[in-house]
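Here the structure is laid out as structure tokens; the discussion comes afterwards.
As the structure is a computational prediction, the values presented were derived from the model and not from experiment.
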Amino acid sequence: MVKNENGAEVPTVDLETCVFCELVAGKRPISVIDETADVLAFMDIQPVNPGHVLIIPKHHAPHLGDLDSTIGGHIFAMGMRVAAALRTCGVRCEGVNLFLADGEAAGQEVFHAHLHVFPRYAGDGFGLKFSPNYFVLPPRANLDDIARGIRNALQPLSGIPEGINR
């Protein structure tokens with residue numbers, strides 16, 4: 001285990017256990033879109049639609065909270081650039097989704113943080129399924145209670161100014 005900038009312990013990874021670490025190490029074929037010293041963008045081999053891109057940190061971080069906040073910002077900035085490129089590169093693109101699954105219950109299958117950027121168009125067959133309770137609006141008091149709990153649990157991140165704390 002090593003500690004990230006926020007003091008959280010992050011497991012080190014044997015290349016044999018993480019497909020994304022293997023991609024970074026050049027042990028598997030990859031179609032690179034862009035890269036920096038810390039971030040890599042490449043084509044997803046199982047795309048939602050043609051043009052589906054994955055953006056990963058080059059250093060292993062299993063979950064979003066394990067990422068260095070600066071690298072997280074670089075991942076999102078690259079996602080913004082890729083989203084803009086998708087609109088003009090010739091793939092069918094009427095909109096763009098950014099998707100990051102954090103944890104198994106959220107649909108994360110590869111436990112190396114990664115951002116999906118994929119073009120969307122009407123009738124492409126992709127969508128989110130909402131529970132029947134989605135359309136039942138909670139009372140404001142419930143929202144306020146949950147907001148208070150989240151505010152109290154917020155952890156400071158290096159390089160990101162703290163917001164309100166009321």
Considering all heavy atoms of both residues, which atom of [X] and which atom of [Y] are nearest to each other, and what is their separation?
{"X": "H60", "Y": "C21", "value": "ND1-SG, 3.4 Å"}
{"X": "P138", "Y": "L143", "value": "CG-CD2, 3.6 Å"}
{"X": "A61", "Y": "L67", "value": "CB-CD2, 3.7 Å"}
{"X": "C18", "Y": "H112", "value": "SG-ND1, 3.3 Å"}
{"X": "G107", "Y": "A101", "value": "C-CB, 3.7 Å"}
{"X": "P29", "Y": "L23", "value": "O-CD2, 3.5 Å"}

Backbone of [Y] reached by a side-chain donor or acceptor of [X] within 3.5 Å:
{"X": "D44", "Y": "H52", "result": "no"}
{"X": "Q108", "Y": "P62", "result": "yes"}
{"X": "D124", "Y": "Y121", "result": "yes"}
{"X": "R120", "Y": "F126", "result": "yes"}

Y134 and F130 aromatic ring geometry - parallel, tilted or perpendicular at 30°/60° bounds: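 Because their plane-to-plane angle is under 30°, the rings of F130 and Y134 count as parallel.
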Geometric class of the H114/F20 ring pair [parallel <30°, tilted 30-60°, perpendicular >60°]: perpendicular
Establish whether [X] and [Y] are linked, either directly or via other cluster members, by ILVMFWY side-chain heavy-atom contacts under 4.5 Å.
{"X": "V53", "Y": "M78", "result": "yes"}
{"X": "V82", "Y": "I71", "result": "yes"}
{"X": "V91", "Y": "F118", "result": "no"}
{"X": "F99", "Y": "I33", "result": "no"}
{"X": "F111", "Y": "L115", "result": "no"}

Nearest-0.5 Å distance that lies between atom [atom1] in [X] and atom [atom2] in [Y]:
{"X": "I150", "Y": "R148", "atom1": "CD1", "atom2": "CZ", "value": "11.5 Å"}
{"X": "H59", "Y": "D66", "atom1": "NE2", "atom2": "CG", "value": "14.5 Å"}
{"X": "I75", "Y": "T36", "atom1": "CD1", "atom2": "OG1", "value": "9.0 Å"}

Heavy-atom neighbours of M43 CE exceed 12 at 6.0 Å: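 Result for CE/M43: enclosed.
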L98, CG atom: more than 12 neighbouring heavy atoms under 6.0 Å: yes
The single option from D38, V24, V39 passing side chain to side chain contact (heavy atoms under 4.5 Å, CB included) against K58: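 Going through the options one by one, the only one that passes is V24.
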V96 side chain near R87 side chain, heavy-atom distance below 4.5 Å: yes
Full working for side chain to side chain contact (heavy atoms under 4.5 Å, CB included) between L40 and I30: CA-CA 10 Å; L40 179 64; I30 188 172; 3.7 Å; yes
